[in-house]
Amino acid sequence: MTNRKQTKQRYYGSMVMSYSKTYGLAAVLESELELDYFNLMVFEQTVDTLQMQPDSIFYLIDGKRRRYTADARHVVNGIETFVEVKYATEAQKPKLLHKHAVLQAFFAEHNRNFEVVTDTDIRVGHRARNLRYLKPAMEHTPPDDELRALLRFTPKRTMHISDFFQLQRIHHAKGCLVRRAIAHKRIECDLTLSFDDLVLDMRGFMEGGSRDA
């Protein structure tokens with residue numbers, strides 16, 4: 001396949017800027033791990049609302065008043081969850097385990113949830129790298145008509161990504177078609193695999209037709 005470039009991100013010191021059309025959100029992220037978490041949430045779309053770096057709260061720990069700003073806040077069916085994004089090795093340190101336990105109890109008292117999400121949850125296999133590559137395509141419209149038109153040239157509904165690229169070339173489809181189709185879940189695949197090793201499944205799309213992203 002032809003070489004592809006990774007999406008460029010803008011860095012201001014340790015800050016990363018990103019955007020989600022789906023959630024109407026311009027996000028300021030404090031680390032690359034937060035960026036990978038954000039990309040995962042935007043791709044999966046399992047929450048009703050998403051906010052990065054929400055307003056700070058004050059809580060008591062060991063008798064002292066402390067300010068806390070979560071890395072993310074999301075709402076599902078009216079239930080708020082505040083999220084701390086951490087590397088697993090750091091999250092297991094006794095001081096942070098204590099802090100997170102106090103925060104969990106604090107949010108529970110206010111009928112809210114608190115959870116710690118680590119790199120072992122976010123960076124599974126090649127998924128985070130693939131989602132960085134797919135992220136710009138998430139902001140474009142789904143390629144339903146283009147994909148359906150291309151698949152009329154083959155009876156196959158599952159194929160290796162290299163075969164899909166060959167199909168694109170033969171029938172002069174846009175090179176970005178597969179990226180947009182995966183980003184909008186018109187094509188199903190295991191994103192924990194290397195992008196060049198993906199096996200694409202179009203059965204759901206062809207059987208069920210288009211659906212909202």
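Between F38 and L25 the shortest side-chain heavy-atom distance falls below 4.5 Å. Within the 4.5 Å cutoff, the side chain of S20 has no heavy atoms near those of the L50 side chain. For the pair T81/F107, no side-chain contact is recorded, criterion being any heavy-atom separation below 4.5 Å from C-beta on. Using a 4.5 Å heavy-atom cutoff, the side chains of F153 and I170 are not in contact. For the pair M202/M159, a side-chain contact is recorded, criterion being any heavy-atom separation below 4.5 Å from C-beta on. Put simply, the side chain of L96 does not reach to within 4.5 Å of the side chain of E84, judged on heavy atoms.
Nearest heavy-atom pair across P54 and A70 is CD-O, 3.2 Å. Considering all non-hydrogen atoms of both residues, T118 and Y87 come closest at CB-C, 4.4 Å. Nearest heavy atoms, K21 versus E139: N-OE1, 2.6 Å. Considering every non-hydrogen atom in both V117 and Y37, the closest pair reads CG1-CD1, 4.2 Å. Shortest non-hydrogen contact noted between V76 and H74 is CG2-ND1, 4.1 Å. For A183 against A137, the heavy-atom pair with the smallest separation is CB-CB, 3.8 Å.
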Practice problem: Check the pair L29 / M15 against side-chain contact (heavy atoms from CB on, under 4.5 Å), numbers first and verdict last. | Solution: CA-CA 6 Å; L29 311 167; M15 308 296 283; over 6 Å; no
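Partners of D36 under the salt bridge (Lys or Arg N to Asp or Glu O under 4.0 Å) rule, at least two apart in sequence or in another chain, are R123, R132. Every residue two or more places apart in sequence or in another chain that forms a salt bridge (Lys or Arg N to Asp or Glu O under 4.0 Å) with R73 is listed here: E80. Every residue was checked against the salt bridge (Lys or Arg N to Asp or Glu O under 4.0 Å) condition with D55, not counting sequence neighbours, and none meets it. Residues satisfying the salt bridge (Lys or Arg N to Asp or Glu O under 4.0 Å) criterion with R157, sequence neighbours excluded, are absent altogether.
Under the 3.5 Å distance criterion, the side-chain polar atoms of H160 are matched with a main-chain donor or acceptor of S162. Of the possible donor and acceptor atoms, none in the side chain of D190 sits under 3.5 Å from a partner among the backbone N and O of V199. Between the side chain of Q45 and the main chain of T22, no donor-acceptor pair closer than 3.5 Å is present. In this structure, D48 contributes its side chain and N77 its backbone to a donor-acceptor pair below 3.5 Å. K185 places a side-chain N or O within 3.5 Å of a backbone atom of E44 that can act as its donor or acceptor partner. The backbone N or O of K86 lies less than 3.5 Å from no partner atom in the side chain of E90, so there is not a single donor-acceptor pair. Put simply, the side chain of R127 gets close to the backbone of I122: a donor and an acceptor are under 3.5 Å apart. At least one donor-acceptor pair closer than 3.5 Å links the side chain of N130 to the backbone N or O of L193.
Note on F82 and I61: same hydrophobic cluster, where clusters join Ile, Leu, Val, Met, Phe, Trp and Tyr whose side-chain heavy atoms are under 4.5 Å apart, directly or indirectly. Linking ILVMFWY side-chain heavy atoms closer than 4.5 Å, directly or via other members, places Y23 and I79 in two distinct hydrophobic clusters. Hydrophobic clustering (ILVMFWY, side-chain heavy atoms < 4.5 Å, transitive): V47 and M52 are in one cluster. Note: the hydrophobic cluster containing L35 also contains M138 (ILVMFWY, side chain heavy atoms under 4.5 Å, direct or indirect links). Tracing side-chain contacts under 4.5 Å through hydrophobic residues (I, L, V, M, F, W, Y), one never reaches V116 starting from V124; they form parts of separate clusters.
L60 CG to F106 CZ: the interatomic distance, rounded to the nearest 0.5 Å, is 8.5 Å. Here I187 contributes atom CD1 and L198 contributes atom CG; the two are 9.5 Å apart, rounded to the nearest 0.5 Å. Atom CG in N39 sits 12.0 Å away from atom CD in E34 (nearest 0.5 Å). Interatomic distance, L191 CG to L134 CG, rounded to the nearest 0.5 Å: 6.0 Å. Put simply, CG on L167 and CG on L151 are 7.0 Å apart, with the number rounded to the nearest 0.5 Å. Separating the CG atom in D201 from the CD1 atom in I182 is a distance of 11.5 Å, to the nearest 0.5 Å.
Annotation: side-chain hydrogen bond (donor to acceptor under 3.5 Å, both in side chains) contacts involving residues 95-110, sequence neighbours excluded, comprise D62-H98. Annotation: ring pair (Phe, Tyr, Trp, His ring centres under 6.0 Å) contacts involving residues 41-60, sequence neighbours excluded, are absent.
Both tests pass for R179 against the ring of Y133: distance under 6.0 Å to the centre and angle within 45° of the axis.
Under the 30°/60° scheme for interplanar angles, the aromatic rings of F114 and Y68 are found to stand perpendicular.
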